[in-house]
Amino acid sequence: MKKTKTFLAAGSILTAALALTACGGNSSSSSSNKKELNWEESAEIPTMDLSKATDSASFTQLINTMEGLYRAKSDGSQEKAMATGEKVSKDGKTYTFTLRKDNKWSNGDPVTAQDFVYSWRRTVDPKTASQYAYLFEGIKNATDIQNGKKKPETLGIKAVGKYKLVVTLDRRIPYFNNLMAFGSFFPQNEKAVKKYGSKYGTASKYMVYNGPYIMSGWSGSSLSWKLKKNPYYWDKKNVKLDAVNYSVQKTPSTAYNLYQSNKLDAVALDAEQSKQLKSVKGYALYPRGTTFYIQFNQAKNKYLQNANIRKALSMAINRESLTKVLGGSNTVAHTFTPAKLTTVNGKDYTSLISKSDEAYTYYNKKEAQKYLKQGMKELGVSKLSFKLLSDDTDGAKKSTEAMQSNIQETLPQVSITTQNLPFKTRLARTNALNFDMVVSAWGADFNDPISFLDLLTSTNAQNGGKWSNKEYDKLIAASKTTGSDSERWSDLSKAEGILLKDVGISPLYSSTSAWIVRPEIKGLVNLRDHWDFKYAHVN
């Protein structure tokens, strides 16, 4: 999913106070005498409509206020949530779920199988324009529905009574249960969606919830809001917190000062802070399963439609230098799929990708200049200028400045202007194709390369640069229909090789986030940098 946190370097903004407290820090919890936590988010919430959510901030709130058939665990497995039982047919194409009968929506309505049917149909309906509708491909008729060939009512999901759900697939989906724990597959209350209409999901009062918490105080643009324990939740006895108080913090030094003054119970650290605060109790690194990358606008910018120009720009970026600026545990990315996400026969999936296909992800001044010369000759120009779009956090600004310097020093004929805007605005501009080059970040929705590679198929709504390759599309489609695992891994790795060789996007780095969480807070679950507070409590 789209990420909101960048955790890039911002060393110049650190105060002397941070250096003085680097070896210590007040560990007294702001919540020690109450069942509440004070938490930070680095960006505003774009939406709480799970059919339309695509980003980290939204899904973090959704996994705490909503619940699907399964609940994801930190090790990548799932535990039963709304489902109490599951039966799978021998051919792997029919799933029958038995649902619990003891859960209600926050408006008092029972949560039933029909709520899943309604939600899934709503998401795949082209009228909803869900950017995550592609995840439903493989469920009977989902693709035809998205293409306007069949009605949403023909989707392979049906309610048998109130508490039995039957899902029919066109083909076996190896990662199906992973999907069932993902927010796009959660139920929705039809009565609430129709009652609130276009306002649904735009503020906390225009929502109903079936998860451990309900949200209050979010207006749609709020910089603070609250998660409160849901009295209707089926497992409320295991929800120990009364509330989680959220605030948006875009500046690492400000967030850390709030932590020091006991106004936050946890803080995300930038690179310089991470270096200085490693010895503080509660410091930990969390895997994000995230790749930061550049998307080139190949729909509207004729110069970026030229593969040689894209190759030149990609090879002009010194990723080793960039990760030093970033600091922390960020690592250079030579593939779109991050390393250590998926293991294949005891080896990392990324080892299956040909090294020659990764050539354009390495800094090479001579080669970059060669490709630029070829590209400009083909285009009939002697100079180029591009705008590089990213978020408005301190770290994102440092990152775009570093890449601007890299490109302009390596390729003097190219002028780069940086644009740093609020996450929500940057996202809207990306979706509207109002950019030249944009720094994007994608975090795995589940531990499989398809969570990344699906994005770059020609018709995927997440394909912000509109890169298109027919052979790539065929290989991704084949990976979903092949009968053997070995063929599937081969299809996926070949497809990724095509993407890298054509510089459909330019991978920059993969990240791990550094946090300090007060040691007395127990039971937290971090799902690729999404905090799940269901079992959290203060000792």
Side-chain angles (χ1 to χ4, degrees), residues 1-8 37-66 72 130-132 182-184 186 200-204 206-207 209 211-227 244-252 254-255 258 264-270 286 288-292 390-396 420-431 438-445 451 462 464 511 513 515 524-534:
M1 68 189 64
K2 295 185 176 77
K3 308 300 285 186
T4 59
K5 298 180 177 67
T6 53
F7 303 113
L8 306 184
L37 296 180
N38 296 319
W39 221 257
E40 71 154 317
E41 179 55 76
S42 67
E44 301 91 337
I45 303 170
T47 182
M48 283 294 289
D49 182 342
L50 65 84
S51 289
K52 298 179 180 179
T54 62
D55 65 287
S56 176
S58 298
F59 277 104
T60 293
Q61 304 308 309
L62 286 168
I63 64 173
N64 285 289
T65 60
M66 306 289 278
S130 170
Q131 292 189 47
Y132 260 137
F182 185 60
S184 298
F186 290 177
Y200 176 73
T202 63
S204 55
Y206 301 130
M207 284 288 296
Y209 313 92
Y213 299 92
I214 60 176
M215 178 186 281
S216 67
W218 177 63
S219 67
S221 58
S222 307
L223 296 180
S224 63
W225 60 89
K226 176 176 285 195
L227 301 182
V244 181
N245 304 304
Y246 262 99
S247 63
V248 174
Q249 304 296 335
K250 295 185 180 182
T251 305
T254 300
L258 290 171
L264 283 177
D265 288 311
V267 61
L269 305 176
D270 68 17
Y286 297 93
R288 303 185 72 201
T290 298
T291 300
F292 285 75
S390 188
D391 295 346
D392 64 345
T393 61
D394 294 297
N420 294 94
L421 301 173
F423 170 73
K424 200 170 181 179
T425 306
R426 191 267 292 169
L427 199 60
R429 283 205 180 187
T430 302
N431 293 338
V438 58
V439 179
S440 302
W442 189 264
D445 299 317
S451 183
Q462 304 288 359
S511 66
S513 62
W515 283 74
L524 285 165
V525 173
N526 187 287
L527 303 165
R528 294 180 296 277
D529 219 31
H530 297 79
W531 292 102
D532 184 344
F533 296 100
K534 175 177 176 178

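All values derive from a computational prediction rather than experimental measurement.
Taken to the nearest 0.5 Å, the OH atom of Y132 stands 6.0 Å off from the CD atom of Q462. A distance of 5.5 Å separates OH of Y200 from CG of L50, quoted to the nearest 0.5 Å. Remark: L427 CG to T54 OG1 distance equals 5.0 Å, nearest 0.5 Å. The CE atom of M207 sits 7.5 Å away from the CG atom of D49 when rounded to the nearest 0.5 Å. The structure places CD of E44 at 10.5 Å from CG of D55, a figure rounded to the nearest 0.5 Å.
Of the N and O atoms on the side chains of W225 and Q61, at least one donor lies less than 3.5 Å from an acceptor on the other residue. S513 and R288 share no side-chain donor-acceptor pair at under 3.5 Å. Under 3.5 Å, the side chains of N420 and D392 contain no donor-acceptor pair of N or O atoms.
Looking only at distances, no side-chain donor or acceptor of N245 sits under 3.5 Å from a matching main-chain atom of K226. R528 contributes a side-chain N or O that, together with a main-chain N or O of D445, makes up a donor-acceptor pair within less than 3.5 Å. Side chain of S204 to backbone of G217: a donor-acceptor contact under 3.5 angstrom is found. Under a 3.5 Å cut-off, the side chain of S51 and the backbone N or O of S130 do not form any donor-acceptor pair.
The one candidate from T60, L37, I45 that meets the side-chain contact (heavy atoms from CB on, under 4.5 Å) condition with Y246 is T60.
Annotation: side chain of L227 is not in contact with side chain of W39 (no heavy-atom distance under 4.5 Å). Residues D532 and L524 fail the side-chain proximity criterion, which asks for heavy atoms closer than 4.5 Å. In this structure the side chain of L527 reaches within 4.5 angstrom of the side chain of I63, judged on heavy atoms. Here the side chains of V267 and E40 are in contact, with some heavy-atom distance below 4.5 Å. The closest side-chain heavy-atom distance from S42 to F423 is not below 4.5 Å. For the pair S440/R426, a side-chain contact is recorded, criterion being any heavy-atom separation below 4.5 Å from C-beta on. Proximity of W531 to V244: side-chain heavy atoms (C-beta onward) are nowhere separated by under 4.5 Å. Within the 4.5 Å cutoff, no side-chain heavy atoms of V438 are placed close to those of R429.
F186 pairs by the ring pair (Phe, Tyr, Trp, His ring centres under 6.0 Å) definition with nothing, not counting sequence neighbours.
Contact record, A53 with S58: CB-CB, 3.8 Å, taken as the closest heavy-atom pair. Heavy-atom minimum distance, A255 versus Q249: CB-CB, 3.9 Å. Considering every non-hydrogen atom in both P422 and K250, the closest pair reads CB-NZ, 4.1 Å. Looking at every heavy atom in both residues, L264 comes nearest to S247 through CD2-OG, 4.0 Å. Closest approach of A396 and D391 over heavy atoms only: CB-O, 3.4 Å. Closest approach of F292 and S511 over heavy atoms only: CE1-OG, 3.6 Å.
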Item to complete: List the steps and the verdict of side-chain contact (heavy atoms from CB on, under 4.5 Å) for H530 and S56.
Response: CA-CA 7 Å; H530 297 79; S56 176; 3.4 Å; yes
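Using cut-offs of 30° and 60° on the angle between ring planes, the pair F59 and F182 is parallel.
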